[in-house]
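Have a look at the structure below before the remarks.
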Amino acid sequence: MAYYFPEPSHTFSEYLLVPGYSSEECIPSNVTLKTPVVKYRKGEECPLTMNIPMVSAVMQAVSGEKMGIALAREGGIAFIFVSQPIEQQAAMVRKVKNYKAGFVISDSNLRPDNTLADVLALKERTGHGTMAVTEDGTAAGRLVGLVTSRDYRVSRMDPSTEVSTFMTPAEKLITAPEGTSLKEANNIIWDHKLNALPIVSKEGRLVAFVFRKDYDTHKGNPLELLDSQKRYVVGAGINTRDFRERVPALVEAGADVLVLDSSEGYSAWQKNAISWIRENYGDTVKVGAGNVVDGEGFRFLADAGADFIKVGIGGGSICITRETKGIGRGQATAVIDVAAERDRYFEETGVYVPICADGGIVQDYHMTLALAMGADFCMLGRYFSRFDESPSAKVLIGGSYMKEYWGEGSARARNWQRYDMGGAAKLSFEEGVDSYVPYAGALADGMATTLAKIRSTMCNCGALSIPELREKAKLTLVSSVSIVEGGAHDVLLKDTTGNAGRN
């Protein structure tokens, strides 16, 4: 007969943390949110860690190159979505890796015979105000000048004016020779009060730029996540169909970590993909797997060689897998169960495999609950889709700005590979919806509030790190009545929208 779990599964909203003793050291500024991303052996250092426990979901409406840059700047990792051509996904990864390498390959280039109209179009397309002028208009052509916003005035110039007439010519530029160190380049920038320093070869060809803003950004974002070459860390999704072609392209592009994007990970398809990666790359390519909702699924993927394992089926805000298929489990119970198996696996093998809570997070405090229950980090879709940096459009709905947000299981995404079970190459039925979410502005501002809440709650529990939170946390199930009690009740709330008295 079928196996029946003895207890009902629960969601994060059914739990609260009970405060513990807070010492004088328990203040938010002393809290570290550093957390492992990939597996490591007992006594060894984890080869990839994050400074905050947050990654963005492998979704078209969430994780493009802008999200990759913005999230790495805050200390997390974005997983560039897989439901696109391989070359396009690799190009997104490459853009993130090149954005802050200290030495940045120019992606805004002009020829001397281009016009002001071309300058404005290029600025609109790339968002960059500093443009190299090279003989052939390529990033590696002979440098003949530079155009910045200080070189032209749109209101006083004809759009057909050629770049050669208003650019700053090469002979008037301060440049540095190829081979200049990043420290030396930054010293030149500061000594000469420059915004950008071109690095040129002996032949006068453009090699790269060093920007003042990158130095300022680093100082203003102490948690930014960088690789050994001081480039932003970025992840990418893969599927179980074209991984033999996609993985090499993503590795070549510089992806730091990969993850199998699938609605359900306890399958031969995922094991085959992981085995192929291990056979061809050994442990040099880091790949996460999932999703699973119990200890049995975790152990299967851990034994298969996964570097981290995602937990959660059907709990995402745009996911309807539980409705359409009756598959899934309450996210809190799933995380608790898998975390317990992760700890047993660690005791038996000496290998720690991080777990990622993916889905079911509605309120900010749910992230803290997930960490207390054993998750090493959280994967978020709806949360990140609301910000400027997500790829989706901002639209005006009923007088309020919203962002479009759709699931990878929706007809709009056409991501049948995510639900691949070895059958026909099509999406037989939808497991996700197309929707809107309230626009939330810049990612940095929204995350600052969220992280402040997490650090404050950890202090209430007497914990200054995620492992300490896991050790000290006291959790209690709550009744439906106490959930109501936890919000504003028995009062008439003031109308802060300016619509008082209106129907």
Side-chain angles (χ1 to χ4, degrees), residues 9-13 35-38 50 52-63 67 71 76-83 235-239 257-267 270 286-295 297-298 300-302 306-322 327-339 341-342 353-364 366-385 405 407-409 413 415 418-419 431-432 450 466:
S9 64
H10 298 284
T11 67
F12 291 131
S13 292
T35 192
V37 179
V38 298
M50 289 188 296
I52 61 170
M54 299 167 71
V55 301
S56 65
V58 192
M59 300 176 69
Q60 295 172 14
V62 179
S63 297
M67 183 60 68
L71 190 46
I77 298 175
F79 283 91
I80 305 298
F81 68 92
V82 61
S83 48
I238 60 174
N239 59 51
V257 58
L258 307 176
V259 65
L260 280 157
D261 178 44
S262 175
S263 64
E264 201 275 304
Y266 193 175
S267 72
Q270 293 222 355
K286 307 301 181 184
V287 57
N291 288 24
V292 299
V293 291
D294 65 2
F298 168 87
F300 171 81
L301 290 176
D307 284 292
F308 69 86
I309 294 170
K310 291 194 297 170
V311 181
I313 294 176
S317 60
I318 40 69
C319 184
I320 54 173
T321 295
R322 296 181 193 174
I327 293 289
R329 198 178 191 188
Q331 184 68 342
T333 300
V335 169
I336 292 168
D337 191 356
V338 173
E341 190 65 25
R342 184 266 322 276
V353 183
I355 62 173
C356 166
D358 178 18
I361 292 173
V362 181
Q363 306 293 340
D364 285 353
H366 290 170
M367 299 181 213
T368 318
L369 284 171
L371 298 173
M373 292 171 179
D376 295 278
F377 54 98
C378 301
M379 178 170 278
L380 306 156
R382 179 196 60 84
Y383 177 89
F384 285 118
S385 70
Y405 180 45
E408 289 299 298
N415 186 11
R418 189 174 197 272
Y419 301 88
E431 293 189 45
T450 297
I466 293 173

Look at the side chain of [X] and the backbone N and O of [Y], then say whether any donor-acceptor pair between them is shorter than 3.5 Å.
| X | Y | result |
| --- | --- | --- |
| T35 | P53 | no |
| Y405 | R382 | yes |
| D358 | G312 | no |
| Q270 | G290 | yes |

What pair of heavy atoms forms the shortest contact from [X] to [Y], and how long is it?
| X | Y | value |
| --- | --- | --- |
| S385 | A61 | CB-O, 3.8 Å |
| D307 | P354 | O-CD, 3.5 Å |
| G265 | L301 | O-CD2, 3.4 Å |
| V259 | A289 | CG2-N, 4.3 Å |
| A375 | A357 | CB-CB, 3.9 Å |
| V311 | N291 | C-ND2, 4.2 Å |

Does any part of the side chain of [Y], heavy atoms only, come nearer than 4.5 Å to the side chain of [X], both counted from C-beta?
| X | Y | value |
| --- | --- | --- |
| I327 | I313 | yes |
| D337 | R329 | yes |
| F384 | L71 | yes |
| Q363 | F12 | no |

* Go through V55 and L380 one step at a time and tell me if the side-chain contact (heavy atoms from CB on, under 4.5 Å) criterion holds. => CA-CA 6 Å; V55 301; L380 306 156; over 6 Å; no
* **Criterion side-chain contact (heavy atoms from CB on, under 4.5 Å) on D294 and E341, from CA distance to verdict** => CA-CA 8 Å; D294 65 2; E341 190 65 25; over 6 Å; no
Between [atom1] on residue [X] and [atom2] on residue [Y], distance to nearest 0.5 Å:
| X | Y | atom1 | atom2 | value |
| --- | --- | --- | --- | --- |
| I355 | D376 | CD1 | CG | 6.0 Å |
| C356 | I309 | SG | CD1 | 11.0 Å |
| Q60 | S83 | CD | OG | 3.5 Å |
| D364 | T450 | CG | OG1 | 3.5 Å |

* Answer yes if the side chains of Q331 and T11 hold a donor-acceptor pair under 3.5 Å, and no otherwise. => no
* Should the ring pair F308 and F377 be called parallel, tilted or perpendicular, given that the plane angle runs from 0 to 90° and is split at 30 and 60? -> perpendicular
* Structure fact -> Partner of S56 under side chain to side chain contact (heavy atoms under 4.5 Å, CB included), picked from I77, V62, I80, is V62
* Testing I336, V293, T333 for side chain to side chain contact (heavy atoms under 4.5 Å, CB included) with S9, which one passes? -> T333
* Would you sort out whether F79 and M59 count as a side-chain contact (heavy atoms from CB on, under 4.5 Å), showing the intermediate values? => CA-CA 8 Å; F79 283 91; M59 300 176 69; over 6 Å; no
* When you look at V58 and S63, which way does the side-chain contact (heavy atoms from CB on, under 4.5 Å) test go after all the steps? -> CA-CA 6 Å; V58 192; S63 297; over 6 Å; no
